[in-house]
Engineer: 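One structure follows; several queries about it will come next.
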Amino acid sequence: MEDLTKIREDIDYVDSQLLELFKKRLSLACDVADYKIAHHRPVLDKGREEAKLSHLTEGVKDEFLELGIREFFSLIMSISRKKQYQLLAESGVREDSGFTCVNSFNLTNARVVYQGVEGAYSQAATNDFFGKDVDSFHVSTWREAMDALKEKRADFAVLPIENSTAGTVSQNLDLLNEYDCAIIGEEILKINHALLGTTDATIDTIKRVYSHPQALMQCADYLKQHEQITTVSTTNTAIAAKKVKEDNDPRQAAIAGSINAELYGLKVIESSIQDIKDNETRFIIVSAKKIFRRDAKNISICFTLPNEEGSLYQILTHFAFNGLNMSRIESRPLKGRPWEYRFFVDFEGNLLDEGVTNALLGLRCETTDLKILGNY
């Protein structure tokens, strides 16, 4: 058996040869890019790459070696493509985002729609982002809010997109893809559930508590401490508060945001009763206009991929290679296409950044149905 030091010296020698060959290959990739730019040819040629991989592994009997060869040369070809995308961008071939950059948003006289009723957490998020004097109205469903944007009855819509304990509001991901709109901002709202009752109610008089099922679940430990209480689900926390007000029964209470105490003339019997005290919901501000601020720092996109081995891995390398920090990825099943998915990705950056431009150019060429959802 050879000495380990000698083996490592041999590895270093082989690596130095690989390094020089890699430099030469990357130089040839630049020549390929020049040709493709001059002749308007696409960077990705899947047929050519697959034929190349098949040729390289032809006759290889060792399964591990065959897989290793495919992965090694697939990575080299991936890096080659990224260099070509970079050269294309430098030559003026850029991803047209379809978005317009502005220094600031004109929110004067803005009309805003949110889902729910007065007192819903969506209204609180609306007030926090636009101010309490905002001209706002509410609708029954998230789809109705998006329809209001589409029909120009509203300038902006406020939608919940993610909760720190319950996870993603997946239906709103689907709506973002379906409608022609753009995320222009976000508002993170701390969810403080309060127990609200009539002015003469106390914790001892309460027998029934109304609220949305998720709010009831988030306050489960608190409710268990009061065995006399039974729970009743409602479609919205604010609707629960409205019912308690209308029934005017000291035996009834609602779990809702404290904003409802002022709206419906109720008393806060106890505040912050949720089990997890740092419960937060992220709301997105959606506009029918595709605009973004010059100082925007988060980008949301979605895309589909061919159902092929390694396709997602190859796509994710575009973020790492361009120095972009990906903060979130979700998948949603495609309707009518079993076991195929649309991916939703959030990452840090601005549409004016060079790295973002290069990444989006590569993503546009290597995904299906790429859509920029917003820069905010």
Side-chain angles (χ1 to χ4, degrees), residues 43-44 71 74-86 88-89 94-99 101 159-177 181-188 280-286 290 292-334 340-376:
V43 170
L44 178 60
E71 183 172 349
S74 292
L75 181 58
I76 289 176
M77 288 187 280
S78 175
I79 295 170
S80 173
R81 290 197 305 275
K82 291 179 177 63
K83 182 63 177 177
Q84 293 178 56
Y85 293 134
Q86 184 185 75
L88 257 67
R94 291 180 173 269
E95 162 68 15
D96 181 11
S97 68
F99 281 69
C101 180
L159 302 176
I161 197 68
E162 184 179 18
N163 179 266
S164 58
T165 59
T168 301
V169 184
S170 55
Q171 300 97 315
N172 284 340
L173 290 180
D174 295 336
L175 290 175
L176 286 172
N177 174 67
C181 60
I183 305 170
I184 60 97
E186 65 178 359
E187 185 68 36
I188 297 177
E280 295 178 327
T281 294
R282 183 165 74 102
F283 291 84
I284 52 174
I285 317 303
V286 184
K290 293 190 174 183
F292 70 100
R293 286 174 54 115
R294 194 172 298 275
D295 59 353
K297 56 186 179 180
N298 298 295
I299 298 175
S300 294
I301 63 173
C302 66
F303 53 83
T304 57
L305 292 174
N307 190 14
E308 298 173 358
E309 181 180 343
S311 60
L312 179 59
Y313 166 77
Q314 291 292 339
I315 289 304
L316 296 183
T317 62
H318 284 283
F319 298 101
F321 202 87
N322 287 286
L324 303 176
N325 181 39
M326 189 174 68
S327 55
R328 180 167 166 264
I329 182 169
E330 302 277 347
S331 64
R332 291 286 294 152
L334 294 178
E340 293 188 49
Y341 301 88
R342 175 171 283 105
F343 294 91
F344 292 81
V345 173
D346 291 350
F347 63 98
E348 296 175 5
N350 186 283
L351 290 173
L352 299 177
D353 296 343
E354 181 181 350
V356 171
T357 298
N358 293 342
L360 289 176
L361 182 58
L363 290 168
R364 178 70 70 188
C365 295
E366 299 183 18
T367 64
T368 309
D369 303 325
L370 174 69
K371 182 179 181 179
I372 300 172
L373 300 175
N375 190 189
Y376 49 96

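Below, all heavy atoms of this structure are taken into account, side chains as well, without hydrogens, waters or symmetry copies. Starting from 1, each residue takes its place in the sequence as its number.
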Engineer: Would you call Asn358 and Phe321 a side-chain contact if the rule is heavy atoms closer than 4.5 Å?
Structural biologist: no
Engineer: Quick one: does Asn172's side chain get under 4.5 Å of Leu175's, heavy atoms only?
Structural biologist: yes
Engineer: Which heavy atom of Ile299 sits nearest a heavy atom of Ile301, and at what distance?
Structural biologist: CG2-CG2, 3.9 Å
Engineer: Might you work through the side-chain contact (heavy atoms from CB on, under 4.5 Å) test for Leu324 and Glu348, ending with a clear yes or no?
Structural biologist: CA-CA 6 Å; Leu324 303 176; Glu348 296 175 5; over 6 Å; no
Engineer: If you round to the nearest 0.5 Å, how far is CG of Leu312 from CZ of Phe303?
Structural biologist: 6.5 Å
Engineer: If I take atom CG from residue Asn177 and atom CG from residue Asp369, how far apart are they, to the nearest 0.5 angstrom?
Structural biologist: 7.5 Å
Engineer: I want to check something: taking the side chain as every heavy atom from C-beta on, are Leu373 and Phe344 in contact at a cut-off of under 4.5 Å?
Structural biologist: yes
Engineer: Return yes when atom CD of Glu71 has more than 12 non-hydrogen atoms of other residues, nucleotides or ligands closer than 6.0 Å, and no otherwise.
Structural biologist: no
Engineer: Could you tell me whether the side chain of Ile315 reaches within less than 4.5 Å of the side chain of Glu366, counting heavy atoms only?
Structural biologist: yes
Engineer: Which atom names give the shortest non-hydrogen contact between Gln314 and Ser74, and what distance separates them?
Structural biologist: NE2-CB, 4.2 Å
Engineer: Please round to the nearest 0.5 Å and tell me the distance separating atom CG of Leu351 and atom NZ of Lys290.
Structural biologist: 11.0 Å
Engineer: At their closest point, which heavy atom of Met326 faces which heavy atom of Leu316, and how far apart are they?
Structural biologist: SD-CD2, 3.8 Å
Engineer: Can you establish whether the number of heavy atoms outside Glu354 located under 6.0 Å from its atom CD is more than 12?
Structural biologist: no
Engineer: In a check of side-chain contact (heavy atoms from CB on, under 4.5 Å) between Ser300 and each of Asn375, Ile372, Ile183, which one passes?
Structural biologist: Ile183
Engineer: Using the side chain to side chain donor-acceptor pair (under 3.5 Å) rule, pick out the option among Gln84, Lys82, Lys83 that qualifies with Ser80.
Structural biologist: Gln84
Engineer: Report the C-alpha distance between Ile285 and Tyr376 in whole Å, list the side-chain angles of each, state the deciding distance to 0.1 Å, and finish with yes or no for side-chain contact (heavy atoms from CB on, under 4.5 Å).
Structural biologist: CA-CA 9 Å; Ile285 317 303; Tyr376 49 96; over 6 Å; no
Engineer: Are the side chains of His318 and Phe347 in touch, meaning some heavy atoms are under 4.5 Å apart?
Structural biologist: no
Engineer: CZ/Phe292 to CG/Asn298 distance, rounded to the nearest 0.5 angstrom?
Structural biologist: 13.5 Å
Engineer: Rounded to the nearest 0.5 Å, how far does CG of Leu352 lie from SG of Cys101?
Structural biologist: 4.5 Å
Engineer: Assess whether a salt bridge exists between Glu330 and Arg328, defined as any Lys/Arg side-chain N lying under 4.0 Å from an Asp/Glu carboxylate O.
Structural biologist: yes
Engineer: For the residue pair Arg364 and Leu370, what are the closest heavy atoms and their distance?
Structural biologist: NH1-O, 2.8 Å
Engineer: Does Ala296 offer a backbone N or O that forms a donor-acceptor pair with the side chain of Asn350 under 3.5 Å?
Structural biologist: yes
Engineer: First locate atom CD of Glu162, then atom OG1 of Thr168, and finally report the distance between them rounded to the nearest 0.5 Å.
Structural biologist: 5.0 Å
Engineer: Which atom names give the shortest non-hydrogen contact between Leu176 and Lys371, and what distance separates them?
Structural biologist: O-NZ, 2.9 Å
Engineer: Crowded around Glu308 CD? As in, over 12 foreign heavy atoms under 6.0 Å?
Structural biologist: yes
Engineer: Under a 4.5 Å cut-off applied to non-hydrogen side-chain atoms, are Leu173 and Ile161 in contact?
Structural biologist: yes
Engineer: Regarding Glu340 and Asn307, do their side chains bring together a donor and an acceptor under 3.5 Å, going by distance alone?
Structural biologist: no
Engineer: Looking at every non-hydrogen atom in both residues, tell me the closest pair between Cys365 and Leu44 and how far apart they are.
Structural biologist: O-CD2, 3.9 Å
Engineer: For the residue pair Val169 and Thr281, establish whether any side-chain heavy-atom pair is separated by less than 4.5 Å.
Structural biologist: no
